[in-house]
Amino acid sequence: VDGAGSGCEVFNLGTGTGISVLQMVEAMKKASGKDIKVQIGPRRAGDLATVYAEPTKAREVLGWEAKYGVEEMCRDAWKWQSENPYGFGSAEDAAE
């Protein structure tokens with residue numbers, strides 16, 4: 001929530017189009033080349049039926065629009081994680 005007088009603003013960054021959890025799983029399978037096991041169960045209390053970023057404010061205020069979709073996002077996330085298995089740290093940091 002934008003804080004009145006805080007000097008901060010909140011922007012949703014995304015395409016404005018929602019995807020399902022199964023679509024995300026399929027995109028990550030494709031990006032990683034790995035099988036991802038899923039277990040489908042009933043919706044939990046409080047789970048939302050639809051969630052997506054509404055990017056109008058980012059476009060209007062910042063001139064920002066998403067150029068890529070979920071498949072490209074998963075591809076880039078997998079590539080980065082594969083090349084940086086310890087995140088921004090090192091193997092030595094992980095051992096501590």
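FYI, side chains are in, hydrogens and waters are out, and symmetry mates aren't considered; it's all heavy atoms of this structure.
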Task: Any donor-acceptor N/O pair, Lys57 side chain to Val10 backbone, under 3.5 Å - done: yes
TODO: Specify the closest pair of heavy atoms between Ala53 and Leu13, including all atoms of both residues, with the distance to one decimal.
DONE: CB-O, 3.7 Å
TODO: Flag the pair Asp47 and Arg44 as a salt bridge only when some basic side-chain nitrogen lies within less than 4.0 angstrom of an acidic carboxylate oxygen.
DONE: yes
Open item on the list: When you compare the side chain of Leu22 with that of Ile40, does any pair of heavy atoms fall below 4.5 Å?
Closed with: yes
Open item on the list: For Glu72, is there an ion pair with Arg75 - N to carboxylate O distance below 4.0 angstrom?
Closed with: no
Task: Atom pair CG/CD of Asn12 and Glu54 - distance to nearest 0.5 Å - done: 7.5 Å
TODO: Can you see which heavy atom on Gly14 is nearest to which on Ala66, and at what distance?
DONE: O-CB, 3.6 Å
Task: Distance in Å, Met28 CE paired with Gln23 CD, rounded so as to fall on 0.5 Å steps - done: 14.0 Å
Task: Sidechain-backbone polar pair: Glu9 side chain, Phe11 backbone, donor-acceptor under 3.5 Å - done: no
Open item on the list: With rounding to the nearest 0.5 angstrom, report the CD to CD1 distance, Glu71 to Ile19.
Closed with: 9.5 Å
TODO: Could you grab the distance from atom OH of Tyr52 to atom OG1 of Thr17, nearest 0.5 Å is fine?
DONE: 9.0 Å
- [ ] Answer yes or no: is there a side-chain heavy-atom contact under 4.5 Å between Asp93 and Tyr86?
- [x] no
Open item on the list: Are Met24 and Cys74 packed together at the side-chain level, in the sense that at least one heavy-atom pair is separated by less than 4.5 angstrom?
Closed with: yes
TODO: Tell me, yes or no, whether the heavy-atom count around Lys30 atom NZ, taken from other residues, nucleotides or ligands under 6.0 Å, exceeds 12.
DONE: no
- [ ] Find out if a path of hydrophobic residues (ILVMFWY) with successive side-chain heavy-atom gaps under 4.5 Å connects Ile36 to Trp78.
- [x] yes
Task: From CD (Glu65) to OG1 (Thr56), nearest 0.5 Å - done: 9.5 Å
Open item on the list: Let me confirm one number: the OH-OG1 distance from Tyr68 to Thr15, rounded to the nearest 0.5 Å.
Closed with: 14.5 Å
